[in-house]
Amino acid sequence: MMYAASTAERTLSGALAPCDLPEIELHCYSDADLNGNPESSKSVSGWWLELVAPTSGRTCPLSWGVSGQTSTSSSTAESETVAFSHAFRREALPLQELLEIALGRPIVTRC
């Protein structure tokens, strides 16, 4: 609760211009905290997805979040793989498909 109160004035913003539409890409980032939950020893996954216009450098956040993994990982590599799998399959791929339909062109996705 202290963190929420101390960061209430912070905002998240992004902007893209119409001229960015022909080149936008979807960028997906994931991370995991091995055994991040001290009560269950399960890892915690986090992800961030944003639209990026490489030439102009403009970005627009689309999706982000944190979730607990459903089982205990035996290594950092395993927990990172689970986090990546979640971010890619449940977040990036559906957004990529939606953007391809909306824009009528293939969307490059970088993870």
Side-chain angles (χ1 to χ4, degrees):
M1 202 58 165
M2 188 66 125
Y3 176 78
S6 67
T7 59
E9 73 285 349
R10 294 187 183 179
T11 61
L12 180 64
S13 63
L16 292 172
C19 62
D20 294 329
L21 291 179
E23 68 164 4
I24 60 169
E25 299 177 348
L26 182 60
H27 288 199
C28 174
Y29 304 92
S30 65
D31 194 18
D33 182 5
L34 178 64
N35 299 330
N37 185 338
E39 294 177 12
S40 68
S41 75
K42 294 179 183 173
S43 299
V44 177
S45 297
W47 68 90
W48 172 268
L49 273 80
E50 64 183 348
L51 287 178
V52 176
T55 304
S56 69
R58 288 186 282 264
T59 66
C60 182
L62 293 178
S63 174
W64 59 93
V66 176
S67 66
Q69 295 184 5
T70 56
S71 61
T72 301
S73 295
S74 58
S75 67
T76 300
E78 182 181 353
S79 66
E80 294 285 351
T81 301
V82 170
F84 172 78
S85 175
H86 173 89
F88 186 67
R89 289 185 308 113
R90 294 187 181 168
E91 301 290 331
L93 282 180
L95 278 170
Q96 180 187 27
E97 289 181 27
L98 176 66
L99 289 168
E100 287 179 349
I101 292 168
L103 297 175
R105 68 172 181 85
I107 298 294
V108 173
T109 301
R110 300 188 190 279
C111 297

In terms of the angle between their ring planes, are F88 and F84 parallel, tilted or perpendicular, with boundaries placed at 30° and 60°? parallel
Measure the shortest side-chain to side-chain distance between D31 and E80 over non-hydrogen atoms and say whether it is less than 4.5 angstrom. yes
Heavy atoms of E100 and P106 approach each other most closely as OE2-CA, 3.7 Å
Could you give the distance from CG (D20) to SG (C60), rounded to the nearest 0.5 Å? 10.5 Å
Does the side chain of E23 reach to within under 4.5 Å of the side chain of P54, using non-hydrogen atoms? yes
CD (E97) and CD1 (I107) are apart, to the nearest 0.5 Å, by 12.0 Å
How far does CD1 of I101 sit from CD of Q96, to the nearest 0.5 angstrom? 11.0 Å
Side chain T81, main chain A77, donor-acceptor under 3.5 Å: yes
Only one of E50, R105, R58 passes side-chain contact (heavy atoms from CB on, under 4.5 Å) with I24, and that residue is R105
Flag yes if L99 and L93 sit in one hydrophobic cluster, no otherwise; membership is Ile, Leu, Val, Met, Phe, Trp, Tyr, and two members link when side-chain heavy atoms are under 4.5 Å apart. no
Atom of Q69, atom of A83 and distance for their closest heavy-atom approach: NE2-N, 3.8 Å
Supply the atom-to-atom distance E25 CD to T109 OG1, rounded to the nearest 0.5 angstrom. 8.5 Å
Step-by-step side-chain hydrogen bond (donor to acceptor under 3.5 Å, both in side chains) determination, S43 to D33: CA-CA 5 Å; S43 299; D33 182 5; over 6 Å; no
In a check of side-chain contact (heavy atoms from CB on, under 4.5 Å) between L26 and each of L95, V108, V52, which one passes? L95
Applying side-chain hydrogen bond (donor to acceptor under 3.5 Å, both in side chains) to S41 and T72, what does each step give before you reach the verdict? CA-CA 6 Å; S41 75; T72 301; 3.3 Å; yes
Should L98 and L62 be regarded as members of a common hydrophobic cluster, given that ILVMFWY residues are connected when their side-chain heavy atoms come within less than 4.5 Å of each other, either directly or indirectly? no
Shortest non-hydrogen separation from W47 to L49 and the atoms involved: CD1-CD1, 3.8 Å
